[in-house]
Each structure stands twice: as structure tokens, then as C-alpha cells.
Amino acid sequence: MERDSYTDDEIRDILSLTRVAVIGMSKNEHKAAYYVPKYLSEHGFTIIPVNPTTDEILGKKCFSTISEVVDDVDIIDVFRPSDQVLLVVKESIKKKPKVIWLQEGIHNVEAENLARDNGIKIVFNRCMLAEHQRLS
């Protein structure tokens with residue numbers, strides 16, 4: 001699977017943004033959708049969980065949808081299957097994030113083009129934890 005064409009310096013710039021809403025964040029500590037945001041939280045990122053099936057993850061209020069998040073977000077980190085990403089991106093655009101980050105294994109050309117057309121950087125098929133570790 002291909003991935004975006006950002007350089008290491010561009011990814012470092014993206015990783016300097018700290019307010020991250022995590023769509024599809026899990027309460028299951030064995031899933032990447034749990035331990036990746038947990039790692040990010042432990043490394044200075046402000047994590048905002050988005051998952052309609054629970055009220056709290058990592059001691060933080062969990063929102064049902066990205067639309068319910070009242071604060072501004074810099075990055076929307078997406079842990080949803082590729083075939084669900086277009087709807088997620090359509091909803092996420094309304095929050096005006098600087099970046100939408102599709103985790104490793106997630107790629108949807110239509111959604112990626114939609115984000116770019118709305119002036120939002122789109123990272124795809126990369127893990128925020130792995131990139132942070134690699135570039136720190």
C-alpha cells in the first residue's frame with residue numbers, strides 16, 4: 001500500500017502540533033487505537049477520544065462524534081477502516097483541523113483528495129507512534 005509523500009521534516013512539523021482528536025479510539029489496551037494515543041499522551045500530546053461506545057478513555061471524556069468536540073484540534077487521527085474514512089473526513093473538515101492523519105493500513109484516495117481540496121494536510125498509511133519514535 002502506498003503512503004503520502006511528506007518528507008521527514010514535514011512530518012516533524014506535523015508532529016509539533018499537539019491537540020489530537022482520535023476517531024475510533026479504543027478502550028482495549030491491546031489495540032493500536034488505544035496504545036498509540038496513550039503513547040502520544042505520555043509524550044506531550046493532548047488527546048481527545050472520539051468513540052460512541054464509551055464515556056471515558058484514559059481518564060478523558062470521550063465524545064461520540066468529532067462534531068461534539070468543542071475545542072479546536074490540530075490533528076484528527078483516524079483509526080477506522082478505509083471504507084469508512086470518507087464519511088469521517090467529511091465530518092472532520094467541519095472542525096477545520098490542520099491535519100487529518102490516517103493510521104497505518106488506512107488509505108482512501110477520495111477522502112484524501114477531499115481533505116486536500118479543503119486545505120487540510122492528509123497523512124495516510126503511517127503510524128503516529130512509529131513516526132514520532134523514528135523522528136524524535
Which heavy atom of P49 sits nearest to which heavy atom of K61, and what is that distance? CD-O, 3.4 Å

Give the intermediate values and the outcome of side chain to side chain contact (heavy atoms under 4.5 Å, CB included) for residues L102 and E112. CA-CA 9 Å; L102 306 180; E112 293 150 16; 3.6 Å; yes

Step by step, work out the side-chain hydrogen bond (donor to acceptor under 3.5 Å, both in side chains) result for Y39 and H132. CA-CA 10 Å; Y39 167 91; H132 183 269; 2.6 Å; yes

Any idea which heavy atoms bring C127 and Q103 closest together, and the distance? CA-NE2, 3.2 Å

Looking at A21 and V73, what are the two nearest heavy atoms and their distance? CB-CG1, 3.8 Å

Atom CG of residue position D72 - does it have more than 12 heavy atoms of other residues, nucleotides or ligands inside 6.0 Å? no

Nearest-0.5 Å distance that lies between atom CD1 in I57 and atom OG in S41: 12.0 Å

Students often mix this up, so state it plainly: with edges at 30° and 60°, are the rings of H107 and F124 parallel, tilted or perpendicular? parallel

When you measure from the side chain of E131 to the backbone of M128, do you find a donor-acceptor pair of N or O atoms at a distance under 3.5 Å? no

Can you name the nearest heavy-atom pair linking A115 to I100, along with the distance? CB-CD1, 4.2 Å

Got a second to check how far S136's OG is from R12's CZ, nearest 0.5 Å? 8.5 Å

Are L17 and V36 connected in the hydrophobic side-chain network, where two residues link if heavy atoms are under 4.5 Å apart? yes

Output for pair (L135 CG, D13 CG), nearest 0.5 Å, gives 10.5 Å

Would you say K95 has more than 12 foreign heavy atoms packed within less than 6.0 Å of its NZ? yes

A33 and G24: which non-hydrogen atoms are nearest, and at how many Å? CB-O, 3.4 Å

Transitively linked via ILVMFWY side-chain contacts under 4.5 Å: I75 with I66? no

Taken to the nearest 0.5 Å, the spacing of L129 CG from E104 CD works out to 10.0 Å

Hydrophobic clusters here meaning ILVMFWY residues chained together by side-chain heavy-atom distances under 4.5 Å, can you tell me if W101 and F63 are in one? no

Any donor-acceptor N/O pair, Q84 side chain to R80 backbone, under 3.5 Å: no

Under the side chain to side chain contact (heavy atoms under 4.5 Å, CB included) rule, what do I48 and V22 come out as? Steps first, then yes or no, please. CA-CA 6 Å; I48 303 162; V22 182; over 6 Å; no

Within a reach of under 6.0 Å around CD of E110, are more than 12 heavy atoms found that belong to other residues, nucleotides or ligands? no

Backbone N or O of I93 within a donor-acceptor pair of the N118 side chain at under 3.5 Å? no

Shortest non-hydrogen contact between S92 and I76, atoms and distance: CB-CD1, 3.5 Å

Let's go through N51 and T53 carefully: what are the C-alpha distance in whole Å and the side-chain angles of both, what is the deciding distance for side-chain hydrogen bond (donor to acceptor under 3.5 Å, both in side chains) to 0.1 Å, and is it a yes or a no? CA-CA 6 Å; N51 180 328; T53 67; 2.6 Å; yes

Would you check, one step at a time, whether the test side chain to side chain contact (heavy atoms under 4.5 Å, CB included) holds for I47 with R19? CA-CA 6 Å; I47 299 301; R19 294 192 52 76; over 6 Å; no

Please report the C-alpha distance between E91 and T65 in whole Å, then the side-chain angles of each, then the deciding distance to 0.1 Å, and finally whether the side chain to side chain contact (heavy atoms under 4.5 Å, CB included) criterion is met. CA-CA 9 Å; E91 187 178 357; T65 66; 3.1 Å; yes

Between R126 and D4, is the salt bridge (charged side-chain N to carboxylate O under 4.0 Å, His left out) condition met? List the steps. CA-CA 8 Å; R126 289 191 199 231; D4 62 79; 2.9 Å; yes

Hydrophobic cluster membership, V99 vs I106, 4.5 Å side-chain cutoff: no

Geometric cation-pi criterion, K38 with Y34: 6.0 Å, 45°: no

Rounded to the nearest 0.5 Å, what's the gap from CZ on R134 to CG on L15? Could you check? 9.5 Å

Report whether I122 and V85 are members of the same hydrophobic cluster (ILVMFWY, side-chain heavy atoms less than 4.5 Å apart, transitive linking). yes

What is the distance from atom SG of C62 to atom CD of E56, rounded to the nearest 0.5 Å? 9.0 Å

Looking at K121, K96, K98, which one forms a salt bridge (Lys or Arg N to Asp or Glu O under 4.0 Å) with D74? K98

CG (D55) with more than 12 external heavy atoms under 6.0 Å: no

